[in-house]
Every structure is written in structure tokens, then in C-alpha cells.
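The structure under discussion appears below in the form of C-alpha cells.
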Amino acid sequence: MTEDMLHPEIEQLDRDDLIALQNRKLAALGKRLGGSAEWVEHFRQAGMQPADLADRQALDSLPFLEKSQLRERYPFPMLGTEAAQVEKFCATSGTTGLPVLFGYTADDLHRLLARQVARQLHCHGVRPGDRGYNGFGFGLWVGGLAYDLGMAELGMTNFPVGPGRSDLVVEWMRDMAWTLATVSPVFLATLIRTARDRGIDPKRDWKLKHAVIGGQSVSRAFRDELEADLPEGFMTFNTYGTTEAGGPIIAASCPQSHARDEMHLLNEDTVLTEILDPETFKPVGPGEIGEIVVTTLDKQASPVVRWRTRDLVRMAAHPYDCPCGRRGLPTIGRIIGRSDDMLKVRGVIVYPSQVEDVVAATPGTVKEAWQIYVDQPGSSPKHLTVAIEHEKGYNGKPDDLAETVGRSLTSRLGLKVPVECHPEGTLPRYEAKAQRVLVRDE
């Protein structure tokens with residue numbers, strides 16, 4: 001059954017019509033980039049010119065855009081417009097080096113980004129008049145700003161609290177009868193536990209219907225536990241985006257794809273997404289794993305062409321068959337991990353998301369509290385240890401729980417991993433993106 005859609009003129013397009021729209025926009029993008037000396041030089045180094053984007057196949061010959069190239073052009077790299085035309089700058093959340101700035105014109109913010117996020121919220125089932133708690137960060141990060149704009153575009157009532165202040169949020173969640181939360185999954189779990197500690201039953205006392213969980217991927221088991229702790233019918237919706245693409249706007253789940261743990265590439269009319277094999281850089285097929293590469297089609301300031309996100313994802317087995325009716329907007333699985341976050345331990349590839357899957361699926365663990373400790377920086381540590389917590393009500397022995405998790409990790413990874421189990425509240429808590437891999441001397 002086809003869903004009610006905010007932008008049916010786009011969301012109901014078949015794939016051929018959507019590709020034709022992208023092709024027209026690629027040609028227009030090439031004309032705009034032709035007026036930027038930096039972009040002309042970028043294309044020239046590949047023996048090309050921006051006008052070549054009039055032929056979609058030219059993308060295959062164009063080199064990827066990398067963060068190192070932007071850092072070389074500090075402070076306003078590849079801006080594509082005059083700095084005076086920029087209304088706001090946001091930055092990546094990288095932990096090393098100077099943040100890379102990305103500009104937004106008034107049109108980028110109040111028309112493009114607002115419309116992209118509103119489409120996503122409507123796809124989740126949010127409607128005008130709903131009350132939203134915006135728990136994402138503000139400042140230079142685009143997350144909180146994006147949902148402020150999207151909620152306004154959709155006609156919602158917004159409470160832009162930002163991250164933290166959990167004691168206040170759990171009270172307001174009840175008293176203000178919020179129906180939407182935009183928040184990291186780890187912090188949502190923290191809010192649930194905080195509420196219970198204060199005598200508030202989230203399942204009975206809160207009115208939440210939807211949560212947009214972003215900032216990091218979340219396992220299906222963890223998502224299912226969050227939904228079980230909240231009011232009947234409540235759903236957590238995975239989303240995915242990057243600052244480089246313009247915000248948290250690349251992919252989002254509808255109620256049907258939610259059940260399959262998949263997301264639509266929901267804004268393909270404004271962001272062209274390639275899923276490429278990270279070794280051959282050829283497009284992957286249904287069911288295969290590839291890296292997400294994005295080209296912004298409509299963004300005026302700080303556009304990107306073939307930006308390597310380094311994020312790995314599996315293309316859905318049937319990407320164009322979602323019952324919701326969005327047949328031109330293919331589906332992908334949740335983010336598996338980053339190609340540069342991958343660990344290689346004694347010859348075995350390990351992604352943090354694999355550890356989360358095991359912890360979240362094991363009864364007695366605190367789902368949001370786990371940590372990977374390695375013995376040295378870099379992607380090839382010699383030793384890896386996983387730390388977990390047991391719930392306050394866990395009646396077994398901590399060593400037995402650690403052994404259970406350890407066996408599951410060995411089965412999943414093909415690697416024997418030491419596991420240590422701590423009381424609830426021992427390990428770090430994260431209000432935004434969790435830093436799961438830490439260096440610790442053995």
C-alpha cells in the first residue's frame with residue numbers, strides 16, 4: 001500500500017525518471033562549478049572540465065574528493081560561491097586537525113535542507129502539530145540546526161534542548177507530552193534509565209511515538225530493546241547523513257523498511273549517491289557491500305562531487321521493491337562501519353558494529369555501555385579487549401556473562417576476544433557520537 005508522502009511528485013517517481021532528473025541537475029551543477037577557479041582546477045587535474053558533467057558517465061572518470069584536499073585549501077575550501085553569500089558555516093566532527101568548514105547559503109538552509117529533513121520526518125510518520133524534542137547538538141555541528149529547520153518546515157512545535165540535561169528532559173518528556181525525539185540512540189537509552197531512577201515509567205508516562213536516532217549506527221537488537229521500553233507503537237527510525245552531503249539527509253527508514261532494518265536513499269533528487277566497491281570502485285549489486293560516495297546536486301555553497309564518505313553499507317537485496325511506493329529511491333541496510341574505522345587484529349577484520357550486535361543481543365548486558373580497548377593506536381592493534389556492563393538486576397555472575405559474550409564474539413568474528421564485565425555505570429557514557437575504540441596499555 002502506497003504511503004502518504006510529503007513530496008509525491010518526487011517520492012513516487014520511478015527510477016528512470018529520477019535518473020533523468022539527476023542528469024539534468026548534474027548538467028546544471030557543471031555550469032555552476034565552471035564559475036569557480038578551485039573547481040575548474042580540480043577537474044583540470046583529471047583532464048576534464050566541469051561542463052563534462054552534462055554526461056553522467058563523466059562521473060566515472062572524475063577522481064574522488066577527499067578531506068585532505070579540503071584541508072589543503074583552508075579556510076573556505078571549494079566554496080563554490082562568494083563567502084559573503086554564506087549565511088552559516090558548519091563543520092565536521094573530526095577529532096584530529098582543524099575542522100573542515102562547509103558553508104550554507106540562505107537557500108541551502110531555508111529551502112534545501114529544511115525540505116530534505118521535513119521529507120524525512122514525514123516519511124517516519126511525523127505530522128504538522130506534533131511536538132518534537134530536538135536532542136542533537138548545535139554550535140558548529142549541523143545536526144541540531146537541520147532538525148530545527150525540518151521541524152519548522154513541517155509545521156511542528158519544536159523544543160530545541162540539545163544534548164545533555166537528562167534530569168530535565170525526562171520530566172519535560174512527560175509534562176510537555178513530546179511525541180518525537182531526535183537523539184543519539186545511546187543517549188535515548190540513558191534517558192530511559194534516568195527516568196526510571198526518578199520514578200517515571202517511560203512506557204506509561206511518556207507520549208513518544210517516534211524517535212529519529214542518528215549520529216551513529218545502531219543494531220536491530222538495541223533498537224528493539226529501546227522500542228520495548230517505550231509506549232506501545234513507538235518506533236525508532238534509523239537515519240544517515242554527513243556534513244559534507246549537507247546534513248543528516250542521505251538515508252532514512254519508512255515504517256515498511258524499518259521492519260527490514262533498511263533505509264531509503266530518500267533525497268536522491270538533490271543528493272546523488274553511489275555505492276561502490278572500496279577496492280575496485282565499481283558499483284555494487286543488490287545484497288553487496290560498498291562505500292557510500294555522494295555528489296550534492298542543488299547545494300550552492302560547499303558542493304561536493306564524488307565525496308568519499310568512507311562509510312560502508314550493504315545494498316538491499318531488493319532495493320526497488322519497498323511496499324511504501326518509493327520505488328525510485330533504493331534501500332540500503334544500516335551503516336556497517338567506516339573503512340577507516342576497521343580494525344585488523346591478528347589478520348582478522350573487526351568492525352565496532354559487530355561487537356555492538358553481540359552485546360545488544362545478549363540478555364543481562366547494558367546495551368548502550370560497551371567499549372573496545374586496543375593496545376596501540378592505528379588500525380592494526382596486536383590485542384583487543386571488550387568491556388561490557390551487567391544490568392543492576394542481573395542475578396548471575398559477571399564472569400559468566402563475560403564468558404557468554406566472549407563465546408558469541410568468537411563465533412561472530414572468528415577471533416578469541418577477552419571480555420571484562422563491570423557493574424552498571426562503570427563505562428563512559430556519550431550524549432552524542434560514541435567513541436567506541438580507545439587505546440589502553442595492556
Side-chain angles (χ1 to χ4, degrees), residues 15-16 18-74 76-81 92 100-105 108 112 116 240-247 249-251 265 267-285 288-313 315 328-330 332 338-340:
R15 188 61 181 170
D16 288 342
L18 191 59
I19 288 174
L21 175 60
Q22 290 178 337
N23 290 344
R24 293 194 295 272
K25 291 191 172 188
L26 272 174
L29 173 63
K31 290 182 179 179
R32 292 201 306 276
L33 297 183
S36 165
E38 283 187 312
W39 277 105
V40 169
E41 174 61 19
H42 177 72
F43 276 75
R44 188 194 65 77
Q45 291 176 0
M48 301 172 66
Q49 54 188 346
D52 292 338
L53 289 179
D55 180 359
R56 187 189 185 100
Q57 293 183 346
L59 274 179
D60 297 338
S61 303
L62 193 66
F64 299 109
L65 190 60
E66 306 267 7
K67 186 169 290 187
S68 60
Q69 295 170 282
L70 300 185
R71 286 208 166 106
E72 291 170 358
R73 293 173 170 85
Y74 176 84
F76 305 132
M78 315 290 279
L79 192 57
T81 189
T92 57
V100 177
L101 293 173
F102 291 84
Y104 294 78
T105 66
D108 291 337
L112 179 59
Q116 290 168 326
Y240 168 72
T242 70
T243 304
E244 298 84 1
I249 47 79
I250 295 176
L265 297 174
N267 287 297
E268 282 273 272
D269 57 317
T270 55
V271 180
L272 188 157
T273 308
E274 302 173 83
I275 312 294
L276 306 179
D277 184 295
E279 294 184 358
T280 67
F281 301 118
K282 300 296 184 183
V284 303
E288 295 179 341
I289 293 174
E291 179 181 329
I292 296 174
V293 175
V294 297
T295 296
T296 54
L297 298 173
D298 286 2
K299 197 164 183 289
Q300 295 176 347
S302 301
V304 295
V305 179
R306 302 203 92 193
W307 174 265
R308 286 192 69 180
T309 66
R310 304 281 179 174
D311 291 319
L312 299 174
V313 71
M315 179 71 80
L329 302 174
I332 59 174
R338 290 179 57 83
S339 58
D340 51 4

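The model shown is predicted, which means the values in this text are computed figures rather than measured ones.
- Using a 4.5 Å heavy-atom cutoff, the side chains of Pro330 and Arg15 are in contact.
- Note that CG of Leu329 and CG of Leu18 are 6.0 Å apart. Values are rounded to the nearest 0.5 Å.
- Taking CD from Gln116 and CD1 from Ile249, the interatomic distance works out to 4.0 Å, rounded to the nearest 0.5 Å.
- One distance of note links NZ of Lys67 with CD of Gln69; it measures 12.5 Å at 0.5 Å rounding.
- Residues Gln300 and Thr81 have side chains not in contact (no heavy-atom distance under 4.5 Å, counting atoms from C-beta outward).
- Here CG of Leu62 is found 10.5 Å from CD of Gln45. Values are rounded to the nearest 0.5 Å.
- In this structure, the side chains of Phe102 and Asp108 stay at 4.5 Å or more apart for every pair of heavy atoms.
- Under a 3.5 Å cut-off, the side chain of Glu291 and the backbone N or O of Arg310 do form a donor-acceptor pair.
- Contact annotation: the side chain of Leu29 approaches that of Val305 to within less than 4.5 Å [non-hydrogen atoms, C-beta and beyond].
- Looking only at atom types and distance, the side chain of Thr273 has a donor-acceptor partner in the side chain of Glu268 under 3.5 Å away.
- By the 4.5 Å heavy-atom criterion applied to side chains, Leu59 and Leu272 are counted as neighbours.
- Interatomic distance, CG of Leu112 versus OH of Tyr104, reported as 9.0 Å (0.5 Å rounding).
- Side-chain atoms of Tyr240 and Val313, non-hydrogen and from C-beta on, never get closer than 4.5 Å to each other.
- Shown here are the salt bridge (Lys or Arg N to Asp or Glu O under 4.0 Å) partners of Arg306, two or more places apart in sequence or in another chain: Glu274.
- The aromatic rings of Phe64 and Phe281 are tilted relative to each other, their planes meeting at an angle between 30° and 60°.
- The shortest distance between side-chain heavy atoms of Leu265 and Ile332 falls below 4.5 Å.
- The backbone N or O of Asp52 sits nowhere less than 3.5 Å from a side-chain atom of Asp55 that would complete a donor-acceptor pair.
- The minimum heavy-atom distance linking Leu312 with Pro278 is given by the pair CD2-CG, 4.2 Å.
- Side chain of Lys299 to backbone of Glu244: no donor-acceptor contact under 3.5 angstrom is found.
- Residues Ser302 and Gly103 approach most closely at OG-N, 2.7 Å, considering heavy atoms.
- Scanning both residues, Val294 and Ile292, for their nearest heavy atoms gives CG1-CG2, 3.9 Å.
- The distance from the OG1 atom of Thr295 to the CG atom of Leu26 is 7.0 Å, given to the nearest 0.5 Å.
- Within the 4.5 Å cutoff, the side chain of Glu38 has heavy atoms near those of the Met78 side chain.
- Here the closest heavy-atom approach between residue Pro303 and residue Leu33 is recorded as CG-CD2, 3.8 Å.
- Side-chain atoms of Thr296 come within 3.5 Å of backbone atoms of Val304 as a donor-acceptor pair (strictly under, hydrogens ignored).
- For Ser61 against Ala46, the heavy-atom pair with the smallest separation is O-CB, 4.5 Å.
- Atom CD of Glu279 has 12 or fewer neighbouring heavy atoms from other residues, nucleotides or ligands inside a 6.0 Å radius.
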